Amino acid sequence: MQEGLAAVILAAGKGTRMKSALPKVLHPLCGQPLLQFPLQAARQAGFEQIQVVVGHQAELVRGAFAATEVSWVEQTEQLGTGHALLCAADSLIGFSGTLLLLCGDVPLLRAETLQRLLEFHRQQQSVVTVLTAEMPNPTGYGRIIRNGEQVLQIVEEKDATEQQQQIQEINTGTYLFDATFVFSALKDLKTDNAQGEYYLTDVVAAAVAAGQKTRAIRVSDPTEVMGINDRCQLAEAEALMRWRVNTELMRSGVSMIDPTTVYVDAAVEVGSDSVLYPNVQLRGTTKIGCNCTVETGVVVVDSVVADRGHLKAGSVIEEAQIGPDCKIGPMAHLRPGTVLAGQNKIGNFVETKKAVLGEGSQSSHLTYIGDAEVGRRVNFGCGTITCNYDGVNKHKTTIEDDVFIGSDVQFIAPVHIGRNSLIGAGSTITRDVPADSLALSRTEQKVIEGWALRKKVKKS
Ligand code: UD1
Ligand code: CA
């Protein structure tokens, strides 16, 4: 018989109240799908073997977690929470250890709470330990009927007597079971209740009838066990999670001028002595180094910013890698595939895409650099454009080290500029330029003296 720890997460329900085409457990909370949170908490608490019960839009849910190490169990018809756990029985045959049951739509539950639950369960040697909460308004939840330490029964709201409905200790839907006991008890569940469902909660009364020990432990923070049923609760949970993320960052040495307006996804990392201004969004897998300044209105998505980066107001950075000591913005747009080696300056109204810039290269204003490979210490004049698209294909611009580009230059790609060359302002560069050259393509200026005066005289 296999001992140890296993977990089952229930996520087969429809989530009707979300009114969404997206399965409930895939709705994002601080940038991660809801289901990610219980998975992570279970793992952090030491539950390595995890089964997720899916049903409604199962394929979508599985697809979103394709890269995650979990087993999937299908519940084709949602016949109740007891039936859902029973669906996982086959894949847990031979497992006789401690089984954790979680709901996929309860994202705020902390790993520490699960550890506390596990300690208590082991110490008490009960066959069922329920995580409960005291709710001033317990409406909708199952109520805990106790006799001292022993839990006699969990009664669902719809089956509860008026007196039972007064009980404020509720079932959070999180339990630890002796696996052998629970799988045998599940087989005897009946559907003789108000909802005609197989209630997982009925295993408590079954344990009592079999003379077994049942226990309950209250969470200290009831917000941890809030379930997400609609988008209002989702927003509420997001605000709580955001506060957790921000608090953790501030404790680790990150400054926030106004943490109530800083939006940092759960997986984002920020180094110490970095400062986040109001209205900043750091999303996805973003990593910000130490001593960075992120000004108002900056949005960073799935990007890496090395130490001492200065992201000025209104800049948008997506799937980019920014080396140390870079200055970006204000109002710069770094699109996917932008790689800055370090000490780069990308100024206002500059857009980059699939652009690799060597150390010290800079573009201070009004420029588009796309599909470009740029060496070190290259200077882009104002208004430079890499003309990378001919309407059918994208072409590459290569610019070697120490090239100086005057203002208002167009590079008609594909084109190659050799090192140390100078491109005259106003040039349209259609051919390769060898190293150490001056390239100039503008037409010579014509001056016709007195022309304007003559025109004015004619008019009057
Ligand atoms: C359940 C509990 C209730 C508890 C509440 C906490 C039962 C009978 N009742 O009630 O005591 O207070 O949770 O939120 O267990 N699910 C499936 N398959 C099903 C049915 C449900 O996977 O056939 C999943 C849902 O997706 C959800 C979880 O189980 O993640 C709980 O289901 P839900 O319908 O929300 O349970 P409640 O009736 O609210
Ligand atoms: Ca239900």
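From a predicted model like this one, the values you see are computed outputs, not experimental measurements. We count ligands from 1, going down the list as the structure has it; atoms in each ligand are counted the same way.
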Worksheet item: Polar-atom distance check: Thr81 versus ligand 1, any N or O pair below 3.5 Å?
Response: yes
Discussion item. Measuring only between side-chain heavy atoms, which start at C-beta, is Gln115 closer than 4.5 Å to Leu117?
Written reply: no
Worksheet item: Mind checking whether Ile328 and His310 have side chains closer than 4.5 Å, heavy atoms only?
Response: no
Worksheet entry | Whether over 12 other heavy atoms sit under 6.0 Å from Glu77 CD | no
Worksheet entry | Side-chain heavy atoms of Val275 within contact of Val294, under 4.5 Å | no
Worksheet, complete the sentence: atom 5 (C) of ligand 1: of Val130, Ile144, Asn171, Asp105, the nearest heavy atom sits on Asn171
Worksheet item: Taking non-hydrogen atoms only, is Thr172 closer than 4.0 angstrom to ligand 1 via side chain, backbone, both or neither?
Response: backbone
Worksheet item: Distance-only, no hydrogens or angles: does the Glu224 side chain make a donor-acceptor pair with backbone N or O of Arg110 under 3.5 Å?
Response: yes
Worksheet item: Just going by heavy-atom distances, which of Gly13, Gly80, Cys103, Gly15 is nearest to atom 25 (C) of ligand 1?
Response: Gly13
Discussion item. Regarding Glu157 and Arg143, does a basic nitrogen lie under 4.0 Å from an acidic carboxylate oxygen?
Written reply: yes
Discussion item. Using a 4.0 Å cutoff against the non-hydrogen atoms of Tyr199, which atoms of ligand 1 qualify?
Written reply: 8 (C)
Item to complete: Without swapping roles, check the side chain of Thr286 against the backbone of Arg283 for a donor-acceptor pair under 3.5 Å.
Response: yes
Fill in: Contact atoms of ligand 1, heavy-atom distance to Leu10 under 4.0 Å
22 (O), 24 (C), 29 (O), 30 (O)
Discussion item. I'd like to know if the side chain of Asn193 and the backbone of Gly196 have a donor-acceptor N/O pair within less than 3.5 Å.
Written reply: yes
Item to complete: Would you check the N or O atoms of Gly142, main chain and side chain alike, for any that come under 3.5 Å of an N or O of ligand 1?
Response: yes
Fill in: Ligand-residue contact atoms, ligand 1 with Tyr141, heavy atoms, under 4.0 Å
6 (C), 12 (O)
Practice prompt. Check whether any side-chain N or O of Thr386 sits under 3.5 Å from a backbone N or O of Gly370 as a donor-acceptor pair, and report yes or no.
Written response: yes
Worksheet entry | Sub-4.0 Å heavy-atom contact, Val53 with ligand 1 | no
Discussion item. If we set the cut-off at 4.0 Å for heavy atoms, which region of Ala12 has an atom near ligand 1: side chain, backbone, both, or neither?
Written reply: both
Worksheet item: Is the shortest N/O to N/O distance between Gln75 and ligand 1 below 3.5 Å?
Response: yes
Discussion item. Taking 4.0 angstrom as the limit and counting only heavy atoms of Leu79, give me the atoms of ligand 1 inside it, by number and element.
Written reply: 23 (O)
Worksheet item: For ligand 1, which atoms sit closer than 4.0 Å to a heavy atom of Ala84?
Response: 17 (C), 18 (N), 22 (O)
Item to complete: Only heavy atoms count here, so choose which of His83, Lys24, Lys14, Glu156 is nearest to atom 11 (O) of ligand 1.
Response: Glu156
